[in-house]
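Notes follow the structure.
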Amino acid sequence: MKRLLISAIALILIPVAILAQQTGSRKFMIFPIKVVSEGTAPTFSNEVAAVLGSELSKEGDLDIISGRAFLSAIENARVDPERLLRIAERTGSSAFAWGTISKLTDGYSLEISAMRAAARSRPKLFTATGKTMEELLQKLQQLAVEIGSSVLDRPKIGAIKIEGNNRIQKDAILNRLDMKSGTPFRRSAIGDEIREIYGMGYFDDVQITAEETGTGEVDLKIVLKERPSIKNIEVQGNKVLTKDEVLDALTTKSFSVASVEKIRNDIEKLKQMYEKKGHYQPKIDYEIKELSRNEASLIFKIDEGPKSYLTELVFDGRNKISDKELQKIMTIKEKSWFWFLDESGVFSKEKLEENRMRLLAYYLDNGFVNVQVGVPDVDIQGNKVKVTYPIR
């Protein structure tokens, strides 16, 4: 969705005269979209038409033709489809579309009518609503898919075959796909589906091929190369945490398929564990060492780094309230002479945020209604840590 929004906004800046000129087998004419707001005269948006044209032409089988030159045909309150049909036929378009955007009290409503020229059938209506114009433009993607399927007779997906998944269940893979059997086939979506399957973290290679059938459907074939299963897990460089503590914390287990996503999450979890022990800059990496075609050893390589202590707590911007008064309300303390008894000098990210809220509440309770306490800056130099809270 984010990619669609970016491309939609970009297209708004492009004149309709240079609407996507892709080489395709058919022409599709899009007339400017009428914009209707209560109490004002209608206007016309070539830009929204451009976004619709961009979405429709993604499959590479259409040339989009702008109907900008025929604005008079859609200026009346009631559009005559027969008149638009004659215009489309003169330009060699096999189908055409027009529509309106209405400003509602809580957003926008979009109505797109589309019709095939040769069949001379009745127009088909497609609708969407959005709280903002950006949200409405995002929904044009699905409208374009529906128009492609029901008006342009684009094929639907038939069978989906999966090969190479020895340990990962087929349903787990299918659930990650937007493309399902019976839904419109979108050649432009194959790249996204490959990235989605690859993002599961279980595969070294993902290939998808599409093959047309004699029944007007497209069968998909997904060929996978699974990552090896983990035979054993090794831990190197650990001193503060024992091997058992590390292994117990991991979601990655022996005899499971090596998932890069899970391994990276495990590394973040280990870093949090080291943080609670006062090691704020550990370096943790991993290596997957193949033992055979289907088995591998997973090695976590840990550089714990020095144990550091909070030695300086700064309230930058403090003016009316003293350092001593602010330090009293903090649950994190600078390292004292008796740090081994009172755990002073030790902190975590959670404690930093908790103390930020403590500062904010204290200032509000003392009448500073416009106070702002920013995210603390943490400066680590060897075994010394300086934490600065910006206060405005």
Side-chain angles (χ1 to χ4, degrees), residues 233-252 260-287 299-366 368 370-392:
I233 301 176
E234 299 178 20
V235 183
Q236 299 177 355
N238 59 303
K239 295 179 182 178
V240 175
L241 297 177
T242 66
K243 181 178 179 180
D244 287 341
E245 286 177 319
V246 172
L247 294 179
D248 289 344
L250 302 178
T251 56
T252 305
V260 173
E261 182 179 6
K262 280 188 176 181
I263 293 172
R264 288 172 179 166
N265 290 337
D266 283 336
I267 289 176
E268 288 304 312
K269 189 182 298 184
L270 292 176
K271 287 181 177 179
Q272 292 174 11
M273 292 173 65
Y274 273 104
E275 183 181 89
K276 292 178 180 179
K277 298 287 187 178
H279 292 257
Y280 301 107
Q281 292 183 315
K283 297 178 182 178
I284 305 176
D285 203 352
Y286 72 94
E287 179 186 356
I299 306 169
F300 285 94
K301 300 179 178 181
I302 301 174
D303 179 359
E304 297 174 332
K307 185 170 184 177
S308 304
Y309 294 91
L310 175 59
T311 56
E312 190 175 359
L313 186 57
V314 179
F315 304 102
D316 182 40
R318 174 206 60 77
N319 187 10
K320 301 294 183 180
I321 300 178
S322 68
D323 273 338
K324 188 174 182 180
E325 193 172 350
L326 293 178
Q327 287 177 351
K328 285 181 180 179
I329 68 169
M330 307 291 280
T331 60
I332 58 172
K333 307 290 183 181
E334 295 176 350
K335 182 182 178 182
S336 70
W337 289 103
F338 305 101
W339 58 270
F340 50 89
L341 295 176
D342 59 13
E343 294 187 349
S344 60
V346 179
F347 66 93
S348 65
K349 291 179 181 177
E350 290 78 9
K351 283 190 175 182
L352 289 178
E353 177 60 20
E354 173 199 327
N355 281 267
R356 186 179 76 85
M357 299 309 295
R358 280 175 171 269
L359 286 171
L360 182 62
Y362 188 77
Y363 268 95
L364 291 173
D365 289 343
N366 283 273
F368 294 84
N370 295 318
V371 68
Q372 296 178 4
V373 180
V375 176
D377 176 69
V378 181
D379 182 23
I380 302 176
Q381 300 291 337
N383 61 353
K384 295 182 179 181
V385 181
K386 176 182 177 181
V387 174
T388 302
Y389 283 93
I391 299 174
R392 300 291 179 266

Specify the closest pair of heavy atoms between Y389 and L352, including all atoms of both residues, with the distance to one decimal. OH-O, 2.8 Å
So which atom in R392 and which in D316 form the shortest heavy-atom distance, rounded to 0.1 Å? NH1-O, 3.4 Å
What closest approach, in Å, do E304 and L241 show between heavy atoms, and which atom pair accounts for it? OE2-N, 3.8 Å
Looking at K271 and E275, is any side-chain nitrogen of the basic one under 4.0 Å from a carboxylate oxygen of the acidic one? no
Please name the pair of heavy atoms, one in K384 and one in T311, separated by the smallest distance, quoted to 0.1 Å. CB-OG1, 3.7 Å
Please check if the side chain of N355 supplies one atom and the backbone of T331 the other of a donor-acceptor pair under 3.5 Å. yes
Check whether S308 reaches the backbone of Q381 with its side chain - one donor and one acceptor, N or O, closer than 3.5 Å. no
Measure from the side-chain N and O atoms of E287 to the backbone N and O of I299, and report whether any donor-acceptor pair falls under 3.5 Å. no
Would you sort out whether Y274 and N238 count as a side-chain contact (heavy atoms from CB on, under 4.5 Å), showing the intermediate values? CA-CA 10 Å; Y274 273 104; N238 59 303; 3.9 Å; yes
For M330 and L359, what are the C-alpha separation, side-chain angles and deciding distance, and is it a side-chain contact (heavy atoms from CB on, under 4.5 Å)? CA-CA 8 Å; M330 307 291 280; L359 286 171; 3.8 Å; yes
Of all the heavy-atom pairs spanning V235 and K243, show the shortest one and how long it is. CG2-CG, 4.1 Å
Identify the heavy atoms of L250 and V246 that sit nearest to each other, and give their distance. CG-O, 3.2 Å
Looking only at atom types and distance, does a side-chain atom of K333 sit under 3.5 Å from a main-chain N or O of Q327, one as donor and one as acceptor? yes
Just how far is it from atom NZ of K262 to atom CG of D266, taken to the nearest 0.5 Å? 8.5 Å
Is there a side-chain contact between D379 and T388 (heavy atoms, below 4.5 Å)? no
side-chain contact (heavy atoms from CB on, under 4.5 Å) assessment of Y362 paired with E325: CA-CA 10 Å; Y362 188 77; E325 193 172 350; 2.4 Å; yes
Students often mix this up, so state it plainly: with edges at 30° and 60°, are the rings of F368 and Y363 parallel, tilted or perpendicular? perpendicular
So, are R356 and E353 salt-bridged, with charged N and O less than 4.0 Å apart? yes
If you draw a 6.0 Å radius around CG in N370, do more than 12 non-hydrogen atoms from other residues or ligands fall strictly inside? no
Distance col, row Q372:CD vs L360:CG, nearest 0.5 angstrom, shows 9.5 Å
For side-chain contact (heavy atoms from CB on, under 4.5 Å), just list the numbers for T251 and K269, CA-CA rounded to whole Å, side-chain angles, deciding distance to a tenth of an Å, and then say yes or no. CA-CA 10 Å; T251 56; K269 189 182 298 184; 3.5 Å; yes
